[in-house]
Number of protein chains: 2
Amino acid sequence: MLAETSARDLGFPNAYDRRQMSDGPYIAESASLIGDPARANMLAALMDGRALSATELGLAARVAPSTASGHLSKLVDGRLLSVISSGRHRYFKLASPAVARVLEELMVLAGDGPPRYRPKSRCSEEMARARTCYDHFAGKLGVAIADSLASRELVVLGDDGGLVTDAGMAFLLELGVSIEERKASRRPLCRPCLDWSERRWHIGGGLGAALTLRCFEAGWTERKRDSRAVTVTHAGKRAFEQLFGMRL
Amino acid sequence: MLAETSARDLGFPNAYDRRQMSDGPYIAESASLIGDPARANMLAALMDGRALSATELGLAARVAPSTASGHLSKLVDGRLLSVISSGRHRYFKLASPAVARVLEELMVLAGDGPPRYRPKSRCSEEMARARTCYDHFAGKLGVAIADSLASRELVVLGDDGGLVTDAGMAFLLELGVSIEERKASRRPLCRPCLDWSERRWHIGGGLGAALTLRCFEAGWTERKRDSRAVTVTHAGKRAFEQLFGMRL
DNA sequence: CTGACGTTTCGGCGAGCACCGAAACGATCC
DNA sequence: GGATCGTTTCGGTGCTCGCCGAAACGTCAG
(Lines give C-alpha, C1' and ligand atoms only; values in the text may rest on other atoms or scores of the structure.)
Protein backbone atom coordinates (compact mmCIF):
# COMPACT_ATOMS: atom_id res chain seq x y z
CA MET A 1 0.00 0.00 0.00
CA LEU A 2 2.95 2.22 0.50
CA ALA A 3 4.71 1.15 -2.67
CA GLU A 4 1.75 2.51 -4.55
CA THR A 5 2.31 5.93 -3.15
CA SER A 6 5.94 6.18 -4.09
CA ALA A 7 5.44 4.69 -7.52
CA ARG A 8 2.59 6.95 -8.37
CA ASP A 9 4.23 10.14 -7.26
CA LEU A 10 7.85 9.50 -8.01
CA GLY A 11 9.47 12.88 -8.24
CA PHE A 12 6.20 14.76 -8.48
CA PRO A 13 4.35 16.82 -5.93
CA ASN A 14 2.12 14.64 -3.84
CA ALA A 15 0.02 14.94 -0.75
CA TYR A 16 3.07 15.12 1.48
CA ASP A 17 4.47 18.04 -0.41
CA ARG A 18 1.39 20.04 0.31
CA ARG A 19 1.91 19.45 3.96
CA GLN A 20 5.12 21.42 3.64
CA MET A 21 2.86 24.44 3.39
CA SER A 22 1.46 23.42 6.73
CA ASP A 23 2.80 23.84 10.21
CA GLY A 24 6.35 22.65 9.90
CA PRO A 25 8.16 25.88 9.09
CA TYR A 26 6.18 27.79 11.65
CA ILE A 27 7.04 25.62 14.58
CA ALA A 28 10.60 25.40 13.32
CA GLU A 29 10.90 29.15 13.59
CA SER A 30 10.13 29.21 17.29
CA ALA A 31 11.93 25.98 17.99
CA SER A 32 15.17 27.05 16.35
CA LEU A 33 15.13 30.19 18.47
CA ILE A 34 14.92 28.03 21.58
CA GLY A 35 17.37 25.59 20.07
CA ASP A 36 20.51 27.65 20.54
CA PRO A 37 22.19 26.90 23.89
CA ALA A 38 22.84 30.54 24.70
CA ARG A 39 19.26 31.53 24.01
CA ALA A 40 17.94 28.50 25.85
CA ASN A 41 19.91 29.53 28.92
CA MET A 42 18.42 32.99 28.74
CA LEU A 43 14.93 31.61 28.45
CA ALA A 44 15.52 29.21 31.32
CA ALA A 45 16.71 32.11 33.43
CA LEU A 46 13.45 33.90 32.69
CA MET A 47 11.26 30.94 33.60
CA ASP A 48 10.46 32.47 36.96
CA GLY A 49 8.48 35.19 35.22
CA ARG A 50 10.73 38.04 36.29
CA ALA A 51 12.23 40.52 33.89
CA LEU A 52 16.03 40.61 33.61
CA SER A 53 18.38 43.03 31.92
CA ALA A 54 20.49 42.28 28.86
CA THR A 55 23.68 42.14 30.90
CA GLU A 56 22.27 39.69 33.40
CA LEU A 57 21.03 37.48 30.62
CA GLY A 58 24.42 37.67 28.95
CA LEU A 59 26.01 36.40 32.15
CA ALA A 60 23.43 33.66 32.41
CA ALA A 61 24.29 32.51 28.92
CA ARG A 62 28.05 33.06 29.33
CA VAL A 63 28.35 35.21 26.23
CA ALA A 64 29.62 38.72 25.57
CA PRO A 65 27.15 41.59 25.94
CA SER A 66 27.15 42.17 22.21
CA THR A 67 26.31 38.55 21.56
CA ALA A 68 23.58 38.63 24.16
CA SER A 69 22.09 41.70 22.57
CA GLY A 70 21.87 39.97 19.23
CA HIS A 71 20.18 36.94 20.72
CA LEU A 72 17.71 39.08 22.60
CA SER A 73 16.76 40.96 19.46
CA LYS A 74 15.99 37.69 17.76
CA LEU A 75 13.94 36.44 20.67
CA VAL A 76 11.89 39.63 20.70
CA ASP A 77 11.42 39.49 16.94
CA GLY A 78 10.29 35.91 17.30
CA ARG A 79 7.75 36.96 19.92
CA LEU A 80 9.22 34.76 22.59
CA LEU A 81 10.25 37.72 24.72
CA SER A 82 8.82 41.13 25.37
CA VAL A 83 10.87 44.07 26.48
CA ILE A 84 10.29 47.13 28.60
CA SER A 85 12.72 50.02 28.64
CA SER A 86 13.48 51.77 31.87
CA GLY A 87 16.16 54.41 31.86
CA ARG A 88 19.28 52.99 30.37
CA HIS A 89 18.21 49.46 31.14
CA ARG A 90 16.07 47.18 29.04
CA TYR A 91 14.29 44.42 30.84
CA PHE A 92 13.28 41.25 29.06
CA LYS A 93 10.61 38.79 30.10
CA LEU A 94 8.79 35.87 28.56
CA ALA A 95 6.20 37.19 26.13
CA SER A 96 3.35 35.01 27.39
CA PRO A 97 2.46 32.02 29.54
CA ALA A 98 2.34 30.05 26.30
CA VAL A 99 6.10 30.47 26.00
CA ALA A 100 6.57 29.20 29.53
CA ARG A 101 4.39 26.22 28.72
CA VAL A 102 6.55 25.31 25.74
CA LEU A 103 9.69 25.54 27.84
CA GLU A 104 8.17 23.49 30.61
CA GLU A 105 7.09 20.80 28.18
CA LEU A 106 10.57 20.76 26.71
CA MET A 107 12.00 20.21 30.17
CA VAL A 108 9.70 17.26 30.63
CA LEU A 109 10.99 15.94 27.33
CA ALA A 110 14.59 16.51 28.34
CA GLY A 111 13.93 14.72 31.62
CA ASP A 112 12.49 11.73 29.82
CA GLY A 113 14.42 8.61 28.99
CA PRO A 114 16.21 7.07 31.93
CA PRO A 115 19.67 5.80 31.09
CA ARG A 116 20.88 8.95 29.42
CA TYR A 117 24.06 10.54 30.62
CA ARG A 118 23.36 13.36 33.01
CA PRO A 119 26.19 15.06 34.90
CA LYS A 120 25.79 15.14 38.66
CA SER A 121 22.41 16.23 39.90
CA ARG A 122 21.06 18.49 37.23
CA CYS A 123 18.94 20.36 39.72
CA SER A 124 20.32 21.46 43.03
CA GLU A 125 18.86 20.25 46.28
CA GLU A 126 17.25 23.58 47.01
CA MET A 127 15.71 23.78 43.58
CA ALA A 128 14.13 20.38 44.09
CA ARG A 129 12.78 21.48 47.46
CA ALA A 130 10.97 24.61 46.32
CA ARG A 131 11.17 26.80 43.26
CA THR A 132 8.98 28.89 41.05
CA CYS A 133 7.84 27.58 37.70
CA TYR A 134 7.19 30.72 35.70
CA ASP A 135 4.76 32.21 38.21
CA HIS A 136 3.70 29.39 40.51
CA PHE A 137 5.35 27.01 42.95
CA ALA A 138 6.95 23.79 41.85
CA GLY A 139 9.25 21.23 43.44
CA LYS A 140 8.39 19.42 46.65
CA LEU A 141 6.64 22.52 47.96
CA GLY A 142 4.42 22.86 44.90
CA VAL A 143 3.53 19.20 44.92
CA ALA A 144 2.82 19.26 48.66
CA ILE A 145 0.43 22.18 48.28
CA ALA A 146 -1.32 20.44 45.43
CA ASP A 147 -1.63 17.24 47.46
CA SER A 148 -2.98 19.07 50.46
CA LEU A 149 -5.60 20.98 48.53
CA ALA A 150 -6.60 17.84 46.71
CA SER A 151 -6.85 15.66 49.80
CA ARG A 152 -9.29 18.10 51.35
CA GLU A 153 -11.20 18.34 48.11
CA LEU A 154 -10.63 22.05 47.78
CA VAL A 155 -9.41 21.32 44.33
CA VAL A 156 -9.97 18.10 42.45
CA LEU A 157 -6.96 16.95 40.51
CA GLY A 158 -7.78 13.35 39.79
CA ASP A 159 -5.86 11.96 36.88
CA ASP A 160 -7.08 14.69 34.70
CA GLY A 161 -6.66 18.41 34.91
CA GLY A 162 -7.88 20.36 37.87
CA LEU A 163 -11.05 21.98 39.13
CA VAL A 164 -11.66 24.29 42.04
CA THR A 165 -14.61 23.20 44.17
CA ASP A 166 -17.01 25.59 45.89
CA ALA A 167 -15.34 24.83 49.18
CA GLY A 168 -12.04 25.59 47.51
CA MET A 169 -13.31 28.97 46.35
CA ALA A 170 -14.36 29.77 49.91
CA PHE A 171 -10.98 28.68 51.23
CA LEU A 172 -9.13 30.88 48.79
CA LEU A 173 -11.37 33.84 49.53
CA GLU A 174 -10.66 33.46 53.22
CA LEU A 175 -6.95 33.20 52.46
CA GLY A 176 -7.08 36.55 50.72
CA VAL A 177 -6.31 35.11 47.31
CA SER A 178 -8.09 37.18 44.73
CA ILE A 179 -9.38 34.64 42.28
CA GLU A 180 -12.53 36.25 40.96
CA GLU A 181 -11.01 38.44 38.27
CA ARG A 182 -8.88 35.53 37.14
CA LYS A 183 -11.95 33.52 36.25
CA ALA A 184 -12.77 36.06 33.55
CA SER A 185 -9.37 35.66 31.94
CA ARG A 186 -8.90 33.15 29.20
CA ARG A 187 -6.04 31.61 31.08
CA PRO A 188 -6.88 28.23 32.60
CA LEU A 189 -7.58 28.63 36.27
CA CYS A 190 -6.05 25.46 37.53
CA ARG A 191 -3.83 23.91 34.92
CA PRO A 192 -1.94 20.87 36.15
CA CYS A 193 1.74 21.31 35.44
CA LEU A 194 4.06 18.31 35.30
CA ASP A 195 6.98 18.71 37.63
CA TRP A 196 10.29 17.62 36.13
CA SER A 197 11.94 16.98 39.47
CA GLU A 198 9.07 15.25 41.25
CA ARG A 199 7.50 13.76 38.13
CA ARG A 200 4.11 14.56 39.62
CA TRP A 201 1.56 17.30 39.07
CA HIS A 202 1.52 20.62 40.80
CA ILE A 203 -0.92 23.48 40.37
CA GLY A 204 -0.27 26.03 37.67
CA GLY A 205 -2.63 28.34 35.85
CA GLY A 206 -4.24 31.40 37.33
CA LEU A 207 -4.83 29.74 40.68
CA GLY A 208 -1.23 28.70 41.07
CA ALA A 209 -0.11 32.21 40.23
CA ALA A 210 -2.51 33.90 42.64
CA LEU A 211 -1.68 31.54 45.47
CA THR A 212 2.03 32.00 44.96
CA LEU A 213 1.72 35.77 44.79
CA ARG A 214 -0.14 35.71 48.08
CA CYS A 215 2.60 33.66 49.74
CA PHE A 216 5.25 36.18 48.72
CA GLU A 217 3.12 39.12 49.79
CA ALA A 218 2.47 37.54 53.15
CA GLY A 219 6.18 36.97 53.67
CA TRP A 220 5.77 33.21 53.86
CA THR A 221 8.23 32.62 51.09
CA GLU A 222 11.21 34.47 49.67
CA ARG A 223 13.09 34.23 46.43
CA LYS A 224 16.70 33.18 46.53
CA ARG A 225 18.88 35.75 44.83
CA ASP A 226 19.43 35.12 41.15
CA SER A 227 17.67 31.81 41.22
CA ARG A 228 14.28 30.25 40.81
CA ALA A 229 14.77 28.56 44.16
CA VAL A 230 12.47 29.62 46.98
CA THR A 231 12.93 29.52 50.73
CA VAL A 232 10.12 29.22 53.24
CA THR A 233 10.38 31.69 56.13
CA HIS A 234 9.62 30.86 59.74
CA ALA A 235 6.26 32.57 59.43
CA GLY A 236 5.73 30.60 56.27
CA LYS A 237 6.43 27.30 57.98
CA ARG A 238 3.82 28.07 60.60
CA ALA A 239 1.34 29.24 58.01
CA PHE A 240 1.84 26.24 55.74
CA GLU A 241 1.50 23.84 58.65
CA GLN A 242 -1.74 25.47 59.71
CA LEU A 243 -3.17 25.98 56.23
CA PHE A 244 -2.00 22.89 54.46
CA GLY A 245 -1.14 20.60 57.32
CA MET A 246 2.38 20.07 56.02
CA ARG A 247 5.65 20.00 57.88
CA LEU A 248 8.75 21.19 56.11
CA MET B 1 20.46 47.14 42.81
CA LEU B 2 21.58 45.67 39.57
CA ALA B 3 24.78 47.66 39.35
CA GLU B 4 25.88 45.86 42.45
CA THR B 5 25.61 42.53 40.75
CA SER B 6 27.71 43.46 37.76
CA ALA B 7 30.33 45.28 39.78
CA ARG B 8 30.78 42.46 42.19
CA ASP B 9 31.05 39.73 39.66
CA LEU B 10 32.66 41.42 36.72
CA GLY B 11 34.23 38.69 34.70
CA PHE B 12 33.90 36.10 37.42
CA PRO B 13 31.54 33.23 37.85
CA ASN B 14 28.38 34.30 39.56
CA ALA B 15 25.00 32.89 40.32
CA TYR B 16 23.93 33.15 36.70
CA ASP B 17 26.89 31.15 35.53
CA ARG B 18 25.85 28.31 37.72
CA ARG B 19 22.50 28.33 36.06
CA GLN B 20 24.26 27.41 32.87
CA MET B 21 24.55 23.98 34.43
CA SER B 22 20.81 23.97 34.71
CA ASP B 23 18.15 23.30 32.12
CA GLY B 24 19.21 25.46 29.22
CA PRO B 25 21.39 23.07 27.25
CA TYR B 26 18.96 20.24 27.76
CA ILE B 27 15.97 21.99 26.34
CA ALA B 28 18.16 23.42 23.58
CA GLU B 29 19.01 19.91 22.50
CA SER B 30 15.43 18.94 21.83
CA ALA B 31 14.46 22.35 20.55
CA SER B 32 17.25 22.53 17.99
CA LEU B 33 16.16 19.15 16.67
CA ILE B 34 12.67 20.53 16.12
CA GLY B 35 14.13 23.80 14.90
CA ASP B 36 15.22 22.62 11.49
CA PRO B 37 12.50 23.12 8.86
CA ALA B 38 12.96 19.72 7.31
CA ARG B 39 12.77 17.93 10.64
CA ALA B 40 9.84 20.07 11.73
CA ASN B 41 7.96 19.04 8.61
CA MET B 42 8.63 15.41 9.39
CA LEU B 43 7.42 15.82 12.94
CA ALA B 44 4.33 17.69 11.78
CA ALA B 45 3.60 14.85 9.38
CA LEU B 46 3.75 12.43 12.29
CA MET B 47 1.41 14.44 14.49
CA ASP B 48 -1.46 12.12 13.71
CA GLY B 49 0.26 9.38 15.64
CA ARG B 50 0.77 7.07 12.69
CA ALA B 51 4.11 5.61 11.73
CA LEU B 52 5.58 6.59 8.36
CA SER B 53 8.52 5.26 6.39
CA ALA B 54 11.74 7.14 5.73
CA THR B 55 10.83 7.72 2.11
CA GLU B 56 7.45 9.17 2.93
CA LEU B 57 8.97 11.49 5.48
CA GLY B 58 11.57 12.54 2.96
CA LEU B 59 8.80 13.53 0.58
CA ALA B 60 7.01 15.37 3.35
CA ALA B 61 10.13 17.39 4.05
CA ARG B 62 11.06 17.78 0.37
CA VAL B 63 14.56 16.45 0.82
CA ALA B 64 16.54 13.63 -0.72
CA PRO B 65 16.27 10.18 0.84
CA SER B 66 19.83 10.40 2.10
CA THR B 67 19.12 13.71 3.79
CA ALA B 68 15.95 12.36 5.31
CA SER B 69 17.82 9.38 6.67
CA GLY B 70 20.29 11.64 8.41
CA HIS B 71 17.56 13.72 9.98
CA LEU B 72 15.68 10.67 11.15
CA SER B 73 18.78 9.26 12.81
CA LYS B 74 19.16 12.45 14.75
CA LEU B 75 15.53 12.51 15.79
CA VAL B 76 15.75 8.94 17.03
CA ASP B 77 18.99 9.68 18.87
CA GLY B 78 17.31 12.68 20.43
CA ARG B 79 14.44 10.48 21.59
CA LEU B 80 11.85 12.43 19.68
CA LEU B 81 11.06 9.51 17.42
CA SER B 82 10.96 5.79 17.85
CA VAL B 83 11.44 3.35 15.03
CA ILE B 84 10.21 -0.11 14.21
CA SER B 85 11.76 -2.16 11.46
CA SER B 86 9.59 -4.27 9.25
CA GLY B 87 11.23 -6.03 6.37
CA ARG B 88 13.15 -3.56 4.31
CA HIS B 89 11.07 -0.69 5.64
CA ARG B 90 11.63 1.31 8.77
CA TYR B 91 8.65 3.07 10.23
CA PHE B 92 9.05 6.15 12.41
CA LYS B 93 6.57 7.54 14.91
CA LEU B 94 6.59 10.10 17.70
CA ALA B 95 8.36 8.64 20.69
CA SER B 96 5.74 9.68 23.23
CA PRO B 97 2.67 11.84 23.81
CA ALA B 98 5.05 14.31 25.46
CA VAL B 99 6.60 14.98 22.07
CA ALA B 100 3.19 15.63 20.58
CA ARG B 101 2.44 18.02 23.43
CA VAL B 102 5.55 20.04 22.73
CA LEU B 103 4.68 20.27 19.05
CA GLU B 104 1.12 21.25 19.80
CA GLU B 105 2.27 23.98 22.21
CA LEU B 106 4.68 25.23 19.57
CA MET B 107 1.81 25.48 17.10
CA VAL B 108 -0.12 27.57 19.58
CA LEU B 109 2.92 29.79 19.88
CA ALA B 110 3.26 30.04 16.12
CA GLY B 111 -0.41 30.96 15.88
CA ASP B 112 0.01 33.72 18.43
CA GLY B 113 0.48 37.33 17.56
CA PRO B 114 -2.09 38.72 15.16
CA PRO B 115 -0.61 41.01 12.52
CA ARG B 116 2.17 38.71 11.48
CA TYR B 117 2.50 37.84 7.83
CA ARG B 118 0.90 34.53 7.07
CA PRO B 119 0.50 33.36 3.50
CA LYS B 120 -3.05 32.44 2.53
CA SER B 121 -4.89 30.24 4.94
CA ARG B 122 -2.27 28.23 6.72
CA CYS B 123 -4.68 25.43 7.34
CA SER B 124 -6.97 24.18 4.65
CA GLU B 125 -10.69 24.36 5.00
CA GLU B 126 -10.99 20.65 5.61
CA MET B 127 -8.29 20.68 8.25
CA ALA B 128 -10.15 23.39 10.13
CA ARG B 129 -13.34 21.37 9.93
CA ALA B 130 -12.05 18.16 11.42
CA ARG B 131 -8.63 16.70 11.95
CA THR B 132 -6.71 14.53 14.35
CA CYS B 133 -4.35 16.07 16.84
CA TYR B 134 -1.90 13.25 17.54
CA ASP B 135 -4.57 10.80 18.62
CA HIS B 136 -7.72 12.78 19.30
CA PHE B 137 -10.08 15.03 17.35
CA ALA B 138 -9.43 18.72 16.85
CA GLY B 139 -10.84 21.45 14.66
CA LYS B 140 -14.52 22.35 14.60
CA LEU B 141 -15.43 18.72 15.18
CA GLY B 142 -13.23 18.37 18.24
CA VAL B 143 -14.50 21.60 19.74
CA ALA B 144 -18.12 20.68 19.02
CA ILE B 145 -17.75 17.35 20.79
CA ALA B 146 -16.13 19.06 23.75
CA ASP B 147 -18.92 21.64 23.88
CA SER B 148 -21.60 19.00 23.70
CA LEU B 149 -20.15 16.86 26.46
CA ALA B 150 -19.61 19.92 28.59
CA SER B 151 -23.09 21.35 28.11
CA ARG B 152 -24.62 18.11 29.32
CA GLU B 153 -22.16 17.97 32.20
CA LEU B 154 -20.72 14.65 31.09
CA VAL B 155 -17.38 16.30 31.37
CA VAL B 156 -16.68 19.54 33.14
CA LEU B 157 -14.27 21.77 31.30
CA GLY B 158 -14.82 25.14 32.91
CA ASP B 159 -11.90 27.43 32.40
CA ASP B 160 -9.59 24.94 33.89
CA GLY B 161 -8.67 21.50 32.79
CA GLY B 162 -11.24 18.79 32.48
CA LEU B 163 -12.96 16.20 34.62
CA VAL B 164 -15.21 13.30 33.71
CA THR B 165 -18.35 13.17 35.84
CA ASP B 166 -20.04 9.98 36.95
CA ALA B 167 -22.74 10.55 34.37
CA GLY B 168 -19.97 10.99 31.84
CA MET B 169 -18.43 7.67 32.80
CA ALA B 170 -21.79 5.99 32.33
CA PHE B 171 -22.24 7.66 28.95
CA LEU B 172 -18.85 6.52 27.75
CA LEU B 173 -19.44 2.99 28.98
CA GLU B 174 -22.70 2.85 27.05
CA LEU B 175 -20.93 4.20 24.01
CA GLY B 176 -18.50 1.33 24.12
CA VAL B 177 -15.52 3.53 24.92
CA SER B 178 -13.15 1.58 27.07
CA ILE B 179 -11.97 4.07 29.61
CA GLU B 180 -11.30 1.96 32.66
CA GLU B 181 -7.83 0.77 31.83
CA ARG B 182 -6.88 4.29 30.85
CA LYS B 183 -7.50 5.54 34.35
CA ALA B 184 -4.64 3.42 35.58
CA SER B 185 -2.22 4.98 33.14
CA ARG B 186 -0.20 7.98 34.15
CA ARG B 187 -1.48 9.83 31.14
CA PRO B 188 -4.01 12.54 32.01
CA LEU B 189 -7.48 11.30 31.28
CA CYS B 190 -9.03 14.47 30.01
CA ARG B 191 -6.36 17.00 29.20
CA PRO B 192 -7.71 20.15 27.58
CA CYS B 193 -5.81 20.85 24.38
CA LEU B 194 -5.79 24.33 22.91
CA ASP B 195 -6.90 24.30 19.31
CA TRP B 196 -4.77 26.44 17.01
CA SER B 197 -7.47 26.89 14.42
CA GLU B 198 -10.44 27.46 16.70
CA ARG B 199 -8.49 29.01 19.56
CA ARG B 200 -10.66 27.09 21.98
CA TRP B 201 -10.25 23.94 23.98
CA HIS B 202 -10.95 20.46 22.80
CA ILE B 203 -10.56 17.20 24.64
CA GLY B 204 -7.20 15.46 24.57
CA GLY B 205 -5.66 12.97 26.95
CA GLY B 206 -6.71 9.37 27.32
CA LEU B 207 -10.40 10.18 26.96
CA GLY B 208 -9.92 12.04 23.71
CA ALA B 209 -7.87 9.17 22.34
CA ALA B 210 -10.37 6.50 23.37
CA LEU B 211 -13.33 8.44 22.02
CA THR B 212 -11.60 9.07 18.72
CA LEU B 213 -10.57 5.45 18.39
CA ARG B 214 -14.17 4.42 18.92
CA CYS B 215 -15.37 6.79 16.19
CA PHE B 216 -12.97 5.29 13.68
CA GLU B 217 -13.85 1.73 14.68
CA ALA B 218 -17.55 2.45 14.36
CA GLY B 219 -17.01 3.87 10.88
CA TRP B 220 -18.31 7.28 11.89
CA THR B 221 -15.16 9.00 10.74
CA GLU B 222 -12.48 8.28 8.18
CA ARG B 223 -8.98 9.57 7.67
CA LYS B 224 -8.24 11.50 4.53
CA ARG B 225 -5.37 9.91 2.67
CA ASP B 226 -1.98 11.30 3.63
CA SER B 227 -3.43 13.99 5.83
CA ARG B 228 -4.51 14.66 9.36
CA ALA B 229 -7.86 15.79 8.00
CA VAL B 230 -10.87 13.70 8.90
CA THR B 231 -14.21 13.23 7.17
CA VAL B 232 -17.45 12.32 8.86
CA THR B 233 -19.36 9.53 7.14
CA HIS B 234 -23.13 9.44 6.66
CA ALA B 235 -23.43 7.02 9.53
CA GLY B 236 -21.22 9.32 11.53
CA LYS B 237 -23.43 12.32 10.88
CA ARG B 238 -26.44 10.41 12.17
CA ALA B 239 -24.52 9.14 15.17
CA PHE B 240 -23.07 12.51 16.08
CA GLU B 241 -26.46 14.16 15.77
CA GLN B 242 -27.98 11.58 18.05
CA LEU B 243 -25.15 11.36 20.52
CA PHE B 244 -23.96 14.92 20.66
CA GLY B 245 -26.94 16.80 19.24
CA MET B 246 -24.78 18.45 16.63
CA ARG B 247 -25.48 19.05 12.97
CA LEU B 248 -22.55 19.09 10.60
C1' DC C 1 21.33 -16.26 -8.21
C1' DT C 2 19.98 -11.88 -10.00
C1' DG C 3 17.64 -7.66 -10.18
C1' DA C 4 14.83 -4.17 -7.80
C1' DC C 5 14.01 -1.40 -3.99
C1' DG C 6 14.35 0.89 0.65
C1' DT C 7 17.77 2.57 3.41
C1' DT C 8 22.19 4.10 5.03
C1' DT C 9 27.08 5.83 4.74
C1' DC C 10 30.52 8.79 2.75
C1' DG C 11 32.67 12.87 0.62
C1' DG C 12 32.40 17.44 -0.69
C1' DC C 13 30.14 21.77 -1.26
C1' DG C 14 28.02 25.94 0.36
C1' DA C 15 25.46 28.90 3.39
C1' DG C 16 24.22 30.40 7.67
C1' DC C 17 25.26 31.81 12.12
C1' DA C 18 27.32 32.23 16.72
C1' DC C 19 31.10 34.49 18.54
C1' DC C 20 34.05 38.37 19.79
C1' DG C 21 36.23 43.15 20.00
C1' DA C 22 35.97 47.82 18.81
C1' DA C 23 33.35 51.63 18.35
C1' DA C 24 29.01 54.34 18.47
C1' DC C 25 24.79 55.64 20.86
C1' DG C 26 21.93 57.12 24.80
C1' DA C 27 20.94 57.89 29.50
C1' DT C 28 22.56 58.81 34.09
C1' DC C 29 25.46 60.71 37.65
C1' DC C 30 28.93 63.87 39.45
C1' DG D 1 30.18 69.58 30.57
C1' DG D 2 32.53 65.28 31.21
C1' DA D 3 32.90 60.57 32.84
C1' DT D 4 30.57 56.24 33.38
C1' DC D 5 27.69 52.62 32.34
C1' DG D 6 24.21 49.79 29.78
C1' DT D 7 23.19 48.70 25.29
C1' DT D 8 23.52 48.27 20.40
C1' DT D 9 25.75 48.15 15.72
C1' DC D 10 29.41 46.73 12.69
C1' DG D 11 33.15 43.89 10.61
C1' DG D 12 35.53 39.84 10.50
C1' DT D 13 36.51 34.98 11.69
C1' DG D 14 35.62 30.25 12.17
C1' DC D 15 32.79 26.41 12.62
C1' DT D 16 28.74 23.88 12.25
C1' DC D 17 25.35 21.76 9.65
C1' DG D 18 22.07 20.99 5.94
C1' DC D 19 22.18 19.50 1.30
C1' DC D 20 23.06 16.43 -2.52
C1' DG D 21 24.93 12.46 -5.47
C1' DA D 22 27.30 8.22 -5.63
C1' DA D 23 28.03 4.04 -3.78
C1' DA D 24 27.35 0.25 -0.36
C1' DC D 25 24.31 -2.69 2.44
C1' DG D 26 20.29 -5.54 3.39
C1' DT D 27 15.80 -7.37 2.20
C1' DC D 28 12.50 -9.14 -0.86
C1' DA D 29 10.70 -11.05 -5.45
C1' DG D 30 11.29 -13.90 -9.34
Side-chain angles (χ1 to χ4, degrees), chain A residues 1-11 16 20 24-25 28-29 31-43 51-78 81 83-92, chain B residues 1-11 14 16 20 24-25 28-43 51-78 81 83-92:
Chain A
M1 77 181 188
L2 293 173
E4 175 200 357
T5 302
S6 57
R8 173 166 46 97
D9 298 320
L10 199 65
Y16 284 109
Q20 149 105 358
E29 201 177 324
S32 72
L33 282 174
I34 308 174
D36 176 77
R39 286 193 294 261
N41 276 322
M42 294 176 171
L43 291 167
L52 298 177
S53 70
T55 308
E56 291 174 300
L57 289 168
L59 286 169
R62 291 175 161 279
V63 294
S66 59
T67 305
S69 176
H71 283 311
L72 290 168
S73 300
K74 288 177 185 171
L75 289 170
V76 172
D77 282 348
L81 296 186
V83 56
I84 45 179
S85 294
S86 167
R88 52 182 165 184
H89 296 269
R90 295 184 74 202
Y91 293 101
F92 298 85
Chain B
M1 78 184 188
L2 293 173
E4 174 201 359
T5 302
S6 57
R8 173 166 44 99
D9 297 321
L10 198 66
N14 75 346
Y16 283 109
Q20 150 102 359
E29 202 175 323
S30 299
S32 72
L33 282 173
I34 308 175
D36 176 78
R39 286 192 295 260
N41 277 322
M42 292 176 171
L43 292 167
L52 298 177
S53 70
T55 309
E56 291 174 300
L57 289 168
L59 286 168
R62 291 174 161 281
V63 293
S66 59
T67 305
S69 176
H71 283 309
L72 290 168
S73 300
K74 289 177 185 172
L75 288 170
V76 171
D77 282 347
L81 295 185
V83 56
I84 45 178
S85 294
S86 167
R88 52 182 163 180
H89 297 269
R90 295 183 74 202
Y91 293 101
F92 298 85

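Please read all numbers here as calculations on a predicted model, not as lab measurements. Below, chains carry the letters A, B, ... as their sequence lines are ordered, and counting in each starts from 1.
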Taking every heavy atom of B/Gly58 against every heavy atom of B/Ala68, the minimum-distance pair comes out as CA-CB, 3.6 Å
Taken to the nearest whole Å, CG/A/Leu75 to C1'/C/dC17 is 14 Å
B/Glu29 CD to D/dT16 P, in whole Å, measures 16 Å
Minimal heavy-atom distance between A/Glu56 and A/Ser53, with the atoms involved, is OE1-N, 2.9 Å
Heavy-atom closest pair (A/Ala38 atom, A/Ala61 atom, distance to 0.1 Å) is O-CB, 3.4 Å
Notebook entry, point to check: Any side-chain heavy atom of B/Leu75 within less than 4.5 Å of one from B/Phe92?
Noted result: no
B/Arg90 CZ to C/dT9 P, in whole Å, measures 8 Å
### Query
Closer than 4.0 Å, any side-chain N/O of A/His71 to the OP1 or OP2 of C/dC19?
yes
Checking D/dG18, D/dG6, D/dT8 against the side chain of B/Arg39 (C-beta onward), the nearest is D/dG18
Review point. Would you say B/Lys74 reaches D/dG18's phosphate, i.e. side-chain N/O to OP1/OP2 under 4.0 Å?
Key: yes
Value for CG (B/Leu59) from CE (B/Met42), rounded to nearest 0.5 Å, stands at 9.5 Å
Of all heavy-atom pairs linking A/Leu81 and A/Leu72, the shortest is CD1-CD2, 3.7 Å
- Task: Please check if the side chain of A/Arg39 supplies one atom and the backbone of A/Leu33 the other of a donor-acceptor pair under 3.5 Å.
- Result: yes
Here the distance between atom P of C/dC19 and atom CG of A/Asn41, to the nearest Å, is 10 Å
In this structure, NZ of B/Lys74 is separated from OG of B/Ser32 (nearest 0.5 Å) by 9.0 Å
From the candidates C/dT7, D/dA22, D/dC19, the one with an atom nearest any side-chain atom of B/Ser66 is D/dA22
Which of D/dT7, C/dC19, C/dT7 is nearest the side chain of B/His89? It is C/dT7
Checklist entry - Are side-chain heavy atoms of A/Asn41 and A/Arg62 found at a separation under 4.5 Å? => result no
Rounding to the nearest 10°, end axes of the helix from C/dC1-D/dG30 to C/dC30-D/dG1 built from five pairs each make an angle of 30°
Taken to the nearest whole Å, CG/A/Leu33 to P/C/dG16 is 17 Å
Here the distance between atom P of D/dT7 and atom CD of A/Glu56, to the nearest Å, is 8 Å
Between CZ of A/Phe92 and P of D/dG6 the distance, given in whole Å, is 14 Å
Protein-proximity profile, nucleotides 23-30 of chain D, B/S/- by nucleotide at the 4.0 Å heavy-atom cutoff, equals ----BS--
Phosphate contact (D/dC20 OP1 or OP2) by B/Thr67 side-chain N/O below 4.0 Å:
yes
Heavy atoms of A/His71 and A/Asp36 approach each other most closely as CE1-OD2, 3.5 Å
Winner on side-chain proximity to B/Asp36, out of C/dC20, D/dG18, C/dT8, is D/dG18
Rounded to whole Å, CE of A/Met42 lies from P of D/dT7 at a distance of 11 Å
